[in-house]
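One structure below.
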Amino acid sequence: MERLGEAESSPLSWDQIWLVAPWRLLAGSEALDRLGPWLQRMAAKQALFGAVEGGVLWLAQAGLLKARRATSIDWLAQPLLQQHPDTIWHPGLWEMDLSPGEPPLLSCGRPLALPDLLLAYLAREHGEPLAQQVALRLGLSSLRARDERLIGEAAATSRLPPKLAEALALMQANLAEPLPTDDIARLVGLSRRQLERLFKQHLDSLPSRHYLELRLQRSRELLRSSGQSVLQVALACGFSSGAHFSNAYKAAFGRTPREERSNAIRGLTHQEADARSASDTPSKPLPQRTVS
């Protein structure tokens with residue numbers, strides 16, 4: 001708290017405040033009570049608040065989300081509704097609440113959705129052509145809408161038993177650091193054998209095998225649409241080494257991650273040329289801002 005006091009009296013401008021924390025570590029933690037007064041003072045100054053994953057819980061605890069929209073995550077949806085019923089929780093990729101007279105609020109429920117959130121905000125403030133150019137510079141082939149991935153996920157899980165849907169949500173939320181099957185079973189209130197029976201009955205797979213498929217599908221998305229290196233993609237999807245990732249990827253898709261990336265780069269080259277020709281209209285200049 002002393003450091004927060006020093007920061008507040010600093011000559012630097014606190015026009016943006018980003019809160020980042022894992023859902024699992026922050027939910028129910030005593031740390032939620034430590035930032036409330038300071039966040040309220042920053043809100044009075046109309047600072048922009050950005051929240052990545054569980055960082056939004058600090059804002060909710062500080063009373064700054066009443067009648068505001070914020071991103072939640074499937075397996076915490078019910079507890080969040082019970083603890084903060086005045087908040088409009090959105091289980092999507094990202095959310096922007098720019099209500100007049102309130103501090104701007106940007107949030108995303110998963111770290112990998114942060115580029116989508118920032119590019120969406122850039123598009124709103126300075127136009128979609130500029131955001132598309134920045135996305136291509138970052139190696140992203142398109143801007144994902146706030147509901148883009150969740151539409152497919154909701155359709156796929158709506159017909160599943162609640163415990164199985166909750167287990168799948170946990171897997172999706174923890175691709176970078178995969179949870180052991182025993183931990184998933186415990187978190188959804190089942191034994192390991194009960195969880196395995198659910199997966200076999202409804203998905204014709206084992207939890208560990210399905211988890212691997214989710215991680216590989218996500219790695220494929222990143223190889224095709226992000227600028228991360230192959231090793232960065234491997235780590236972001238829970239693989240401990242490049243060799244392990246390469247072997248698993250080739251077994252699943254019939255090509256190595258580097259071959260997948262080469263194909264994607266060839267496609268991006270054509271898209272960037274098209275974007276340049278479509279962006280002749282000048283956009284308004286970016287303001288000079290101090291980002292904290």
Side-chain angles (χ1 to χ4, degrees), residues 18-26 50-55 71 73 93-94 108-120 122 131-144 148-150 152-153 168-184 205-273 275 291:
W18 286 85
L19 304 164
V20 183
W23 290 106
R24 283 185 295 154
L25 294 182
L26 197 56
V52 180
E53 202 173 351
T71 310
I73 200 162
L93 265 184
W94 52 264
C108 59
R110 299 170 183 173
L112 292 174
L114 181 58
D116 304 288
L117 170 62
L118 295 176
L119 288 167
L122 179 65
Q132 289 284 3
Q133 287 185 55
V134 174
L136 290 169
R137 290 292 183 183
L138 294 174
L140 302 172
S141 59
S142 62
L143 306 182
R144 291 190 297 177
E148 185 168 323
R149 289 191 66 203
L150 277 298
E153 290 175 13
L168 291 173
L170 278 171
M171 290 178 176
Q172 287 282 6
N174 294 277
L175 296 179
E177 298 182 8
L179 300 172
T181 300
D182 288 336
D183 286 0
I184 296 174
S205 184
L206 291 172
S208 57
R209 186 179 305 159
H210 189 81
Y211 208 167
L212 176 61
E213 290 173 359
L214 292 176
R215 291 158 54 207
L216 287 169
Q217 287 290 347
R218 181 56 182 156
S219 71
R220 194 179 200 183
E221 292 178 19
L222 292 175
L223 287 169
R224 290 177 171 181
S225 63
S226 82
Q228 298 180 50
S229 70
V230 171
L231 181 57
Q232 287 173 326
V233 170
L235 296 176
C237 296
F239 294 93
S240 57
S241 70
H244 179 205
F245 174 49
S246 183
N247 291 335
Y249 195 94
K250 187 170 185 178
F253 302 117
R255 64 177 70 89
T256 67
R258 294 191 182 281
E259 290 169 343
E260 190 76 70
R261 169 55 54 79
S262 296
N263 291 338
I265 289 175
R266 284 195 290 270
L268 282 173
T269 301
H270 295 299
Q271 291 183 33
E272 185 169 5
V291 178

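- With hydrogens and angles ignored, the 3.5 Å screen pairs no side-chain donor or acceptor of Ser246 with any backbone N or O of Ala243.
- Relative ring orientation between Phe239 and His244 is described as perpendicular, the plane-to-plane angle rising above 60° on a 0-90° scale split at 30° and 60°.
- Rounding to the nearest 0.5 Å gives a distance of 13.0 Å between OG of Ser208 and CG of Leu179.
- We find the CG-OG distance between Asn247 and Ser241 to be 8.0 Å, quoted to the nearest 0.5 Å.
- A pairwise comparison of heavy atoms in Pro178 and Gly238 identifies CD-CA, 3.8 Å as the closest pair.
- A donor-acceptor contact shorter than 3.5 Å is absent between the side chain of Arg261 and the backbone of Val230.
- Note that CZ of Phe253 is 7.5 Å distant from CD of Glu260, once rounded to the nearest 0.5 Å.
- Atom CG of Leu235 sits about 9.5 Å away from atom CD of Gln228, to the nearest 0.5 Å.
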How far apart are the C-alpha atoms of Leu216 and Tyr249, what are their side-chain angles, what is the distance that settles it, and do they pass the side chain to side chain contact (heavy atoms under 4.5 Å, CB included) test?
-> CA-CA 7 Å; Leu216 287 169; Tyr249 195 94; 4.2 Å; yes
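- Arg215 contributes a side-chain N or O that, together with a main-chain N or O of Cys237, makes up a donor-acceptor pair within less than 3.5 Å.
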Test log, rule side chain to side chain contact (heavy atoms under 4.5 Å, CB included), inputs Leu222 and Gln232 = CA-CA 10 Å; Leu222 292 175; Gln232 287 173 326; over 6 Å; no
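- One finds the CG atom of Leu118 at 4.5 Å from the CH2 atom of Trp18 (value rounded to the nearest 0.5 Å).
- Atom CD in Gln217 sits 10.5 Å away from atom CG in Leu212 (nearest 0.5 Å).
- Dense packing is recorded around CZ of Arg255, with more than 12 heavy atoms of other residues, nucleotides or ligands lying under 6.0 Å away.
- Of all the heavy atoms in Ala135 and Leu119, the pair that sits closest is CB-CD1, 3.8 Å.
- Taking both residues in full, the closest heavy atoms of Val134 and Leu122 are given as CG2-CD2, 3.8 Å, listed atom of the first, atom of the second, then distance.
- In this structure a side-chain-to-backbone donor-acceptor pair under 3.5 Å is missing from Arg218 to Gln172.
- Although no hydrogens or angles enter the test, the distance criterion places no donor-acceptor pair under 3.5 Å between the side chain of Tyr211 and the main chain of Thr181.
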